[in-house]
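These values consider heavy atoms only, across backbone and side chains, with no hydrogens, waters or symmetry-generated copies. One-based numbering along the sequence shown.
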Amino acid sequence: MKRILTTLFLSCCLGGYAVQEADIHIIPKPIQLTQETGAFRLTPQTVISYTKGLQPQASYLQEVLSASTGWDLTLQEGTKNNDNVIQLSLNPEGNTPESYELSVRNAGVHIEGADAGGVFYGIQTLLQLFPAEVYSPVRQKDIEWEAPAVEVKDAPSHPWRGMMLDVARYFFDKDFVKKYIDMMAMYKMNKLQFHLIDDSGWRLEIKKYPKLTEIGAWAGKDQNRLGGYYTQEDIREIIEYAQVRNVEIIPEIEFPAHMLSAVSAYPWLSCHGEPREVPMQHFISRDLICVGKESSYQFLQDVLNETVSLFPSRYINIGGDEAVYDNWEKCPLCQKVMKENGLKKASELQGYLTNRVLQMMKEKNRTIIGWEEIIQRGKLDGQVVALIWHNEKDTIQAVEKNHLAILTPATHAYLDFPESKTPGEVKAATWMPPISIEKAYSLAAKDYSPSSHVLGVQGCLWSDQFIHGTILQEIVPLNENRSENYAEYFTFPRLLALAEVGWTKEANRSYTDFAHRLVYHYARLDEKGCNYRVPEPTIEKMDENAGSVTFTLAESVAGAPIRYTTDGSYPTIHSPRYTSPVKVDTKNNFRAITVVSNRHYSLPIYFAYDYAEYKQFGEFTSEWKPSIIPTEDITPWAIDATGKISGNGTYEVTFIQTDGKNALKINGIQVMKRDEVLEEIKEVQTVNKQHQVTYRFHIDSFEAGTPFAIIAQIQGEGGNSTNGAVFIKKVD
């Protein structure tokens with residue numbers, strides 16, 4: 001008897017505790033899934049059969065299953081009608097690329113795809129039906145390797161379901177890139193934008209210009225040297241790995257801006273031709289490639305020729321964003337090009353440059369992609385693909401100019417922003433608000449059709465935080481992978497949300513349903529060795545009565561216990577375990593964490609104090625508590641003002657005490673831009689309940705995306721019993 005998503009109990013394991021799955025939890029959600037009675041059981045005698053052309057996919061499945069089960073399953077080309085067979089085949093009449101049908105029966109499994117990509121995605125759905133341990137890289141014992149009997153018919157809503165990995169600002173080695181591709185493929189994402197070039201690093205070996213990697217791939221000297229690059233052989237290895245997993249790699253060769261690494265190697269590329277160095281700290285260089293020199297176009301031709309010979313993708317990304325045109329406006333050669341071509345503004349030179357490259361790439365049968373600025377800087381002579389990163393509604397610009405577009409708005413898809421404002425979050429971009437999983441899922445991607453201008457969606461993971469302000473450096477003696485853990489922490493689980501937005505039709509997307517399924521996928525991420533961000537416990541109910549608040553919580557990770565405190569302190573793995581609703585005097589003192597393992601747990605549920613009564617002092621920026629207040633010596637306190645300082649002008653920073661019996665002494669402040677002191681005010685003042693303290697300062701060198709901080713020299717007077725808040729306001 002057939003039933004749709006009926007109850008099925010599968011035993012799996014997450015971090016050492018038992019999990020019971022109540023039903024099937026496929027991500028991204030298939031078009032149609034019908035559950036049958038029974039289940040297919042994998043045994044050492046199971047055969048993987050495949051039709052011609054599918055040997056790579058069959059070997060992939062064999063590798064995954066053999067690692068976790070310990071069985072060397074037999075591969076066999078051709079159809080095999082016996083029982084206990086997983087059959088992979090192509091449907092020559094399949095007319096939707098990457099579509100597949102999956103049939104799981106007691107006797108065996110059949111996956112039929114419209115193409116090799118469809119077969120691969122049928123494999124991914126099959127793997128999600130097995131216990132989570134199927135993803136383990138080492139043998140798992142005492143597991144019943146069963147998949148429930150189902151019929152699945154599925155196809156993607158969009159042809160473009162991508163991620164951008166920034167390896168230019170911070171270099172990730174090829175093994176991590178391959179792991180990132182594997183994790184994308186697990187959730188049916190099919191495009192990797194490989195951000196290879198930026199001011200802070202040139203990561204692609206170009207034979208004709210060896211200094212690009214000899215000089216441009218490295219920043220700093222001696223023991224402080226950072227960087228790296230991919231040889232052309234590395235690139236071929238990564239591409240081969242990605243092709244099996246149906247991931248197309250699109251190289252990004254950034255210009256006219258963001259190429260200080262190239263200018264450092266070959267100074268003649270810029271208008272001034274002056275020596276430069278690859279920066280240790282992130283900033284946007286004004287050294288654009290000179291559009292007035294024919295040698296610049298020859299350089300681009302040579303670099304792009306080698307690039308397209310390496311990458312089989314029919315797309316080539318040329319970047320094109322955040323160009324500052326000061327040098328073009330002053331360069332006589334650039335001005336000559338403007339005059340000869342009737343251009344009125346220096347920004348139109350970018351359109352001129354794009355058109356020349358557009359013609360180069362037409363001859364190579366390549367389509368140009370770039371950030372949305374490429375369709376805003378002059379009329380183009382052909383259709384391009386614009387990455388819409390400012391606002392999802394900007395796709396109208398592509399439609400009006402007959403270009404194509406990919407949705408990657410910073411508001412929903414920039415995964416270097418944190419998920420929340422919860423205290424304790426790791427260092428992240430702050431120039432826009434946090435992006436929760438729900439926010440990422442809410443990206444408004446309309447269903448694709450052949451007449452659509454929007455190809456799909458893409459997430460972006462920028463790595464500039466490793467060279468932004470306080471450096472997130474690796475600690476070599478500990479042999480750690482801090483950068484990789486950081487990248488995974490920000491990517492997951494939000495990648496799963498974007499994957500479903502790209503794959504599943506709009507009418508079938510529901511965040512409530514997605515959130516329910518997501519609870520069971522953390523076990524799978526664990527088995528894959530993925531350092532995801534553990535979600536805080538879910539608050540099902542919060543009953544506020546006179547003098548008390550009662551919290552009712554639910555698991556956000558299936559089977560993971562919840563630990564809590566009621567005195568405002570940070571919970572640990574040894575704090576009381578949540579088993580029933582908890583009553584507290586004030587919600588501000590309640591904290592609770594999700595514990596996946598003794599070393600992997602969430603930030604606490606956190607309720608900030610309501611500072612609405614102080615809104616005349618500006619935007620809440622930070623708060624102090626007794627734990628950070630010294631009583632013996634004056635100590636610097638760094639207050640992150642990034643995002644609160646939003647442009648040039650005059651600002652006020654105000655300190656207000658909200659509780660406690662001791663005053664706070666401030667021995668002056670410093671206003672910092674990265675590590676640069678912009679202003680120092682040495683006025684000594686005291687904050688108490690009757691007297692707030694305000695310092696006024698001026699900003700005249702603002703840079704978007706640049707970290708700003710206020711360093712206050714503080715000390716508690718007579719003790720550290722003091723709580724308070726800091727506010728920043730722009731006054732003109």
Asn481 side chain to Glu484 main-chain N or O, any donor-acceptor pair under 3.5 Å? no
Partner residues of Ser556 under the side chain to side chain contact (heavy atoms under 4.5 Å, CB included) criterion, sequence neighbours left out: Pro535, Thr538, Thr594
Report the residues that fulfil ring pair (Phe, Tyr, Trp, His ring centres under 6.0 Å) with Tyr180, sequence neighbours left out, ordered by chain and then residue number. Phe176
Is the shortest distance from a Lys or Arg side-chain nitrogen in Glu98 or Arg161 to a carboxylate oxygen in the other one below 4.0 Å? yes
Verify, without hydrogens or angle tests, whether Ser313 (side chain) and Ile250 (backbone) share a donor-acceptor contact under 3.5 angstrom. no
Test of understanding: with side chain to side chain contact (heavy atoms under 4.5 Å, CB included), list the residues that count as partners of Ala114, not counting sequence neighbours. Ser99
Are Glu500 and Lys188 ion-paired here, with the side-chain N under 4.0 Å from a carboxylate O? no
With sequence neighbours left out, write down each residue that passes side chain to side chain contact (heavy atoms under 4.5 Å, CB included) with Ala405, or none if nothing qualifies. Ile388, Thr395, Ala398, Val454
Only counting residues at least two apart or in another chain, list the ones meeting ring pair (Phe, Tyr, Trp, His ring centres under 6.0 Å) with Phe40. none
Is the ring pair Phe194/Phe311 parallel, tilted or perpendicular, if the boundaries are 30 and 60 degrees? perpendicular
Report the relative orientation of the aromatic rings in Tyr230 and Phe171; use parallel for angles under 30°, tilted for 30 to 60°, perpendicular for over 60°. tilted
With a 4.0 Å cut-off on N to O distance, would you call Glu237 and Lys178 a salt bridge? yes
Under 6.0 Å from the six-membered ring centre of Tyr486 and within 45° of its axis: does the NZ or CZ of Arg482 meet both? no
With distance as the sole test, does Asp234 use its side chain to make a donor-acceptor pair with the main-chain N or O of Thr231 at under 3.5 Å? yes
Without placing hydrogens or testing angles, list every side-chain donor-acceptor pair under 3.5 Å for residues 87-95, not counting sequence neighbours.
unit_1, atom_1, unit_2, atom_2, d
Gln87, NE2, Lys80, O, 2.7
Ser89, OG, His110, NE2, 2.8
Asn91, OD1, Glu93, N, 3.0

Pairs flagged by side-chain hydrogen bond (donor to acceptor under 3.5 Å, both in side chains) wherever residues 66-75 is involved - sequence neighbours left out: none
Can you name the residues that form a side chain to side chain contact (heavy atoms under 4.5 Å, CB included) with Asn598, not counting sequence neighbours? Ile573
Could I get the full list of salt bridge (charged side-chain N to carboxylate O under 4.0 Å, His left out) partners for Arg236, not counting sequence neighbours? Glu233
Hey, is Glu506 close enough to Lys446 for a salt bridge, meaning N to O under 4.0 Å? yes
Qualifying salt bridge (Lys or Arg N to Asp or Glu O under 4.0 Å) pairs, either residue in residues 435-444, two or more places apart: none
Kindly determine whether Asp513 and Arg517 satisfy salt bridge (charged side-chain N to carboxylate O under 4.0 Å, His left out), including the steps that lead there. CA-CA 6 Å; Asp513 176 52; Arg517 285 176 281 125; 3.0 Å; yes
Are Lys153 and Glu151 close enough for a salt bridge, meaning some N to O gap below 4.0 Å? no
Pairs meeting criterion ring pair (Phe, Tyr, Trp, His ring centres under 6.0 Å) with involvement of residues 42-63, two or more places apart: Tyr60-Phe120
Please state whether the rings of Phe172 and Phe466 are parallel, tilted or perpendicular, taking 30° and 60° as the class boundaries. perpendicular
Test of understanding: with ring pair (Phe, Tyr, Trp, His ring centres under 6.0 Å), list the residues that count as partners of Tyr187, not counting sequence neighbours. His521
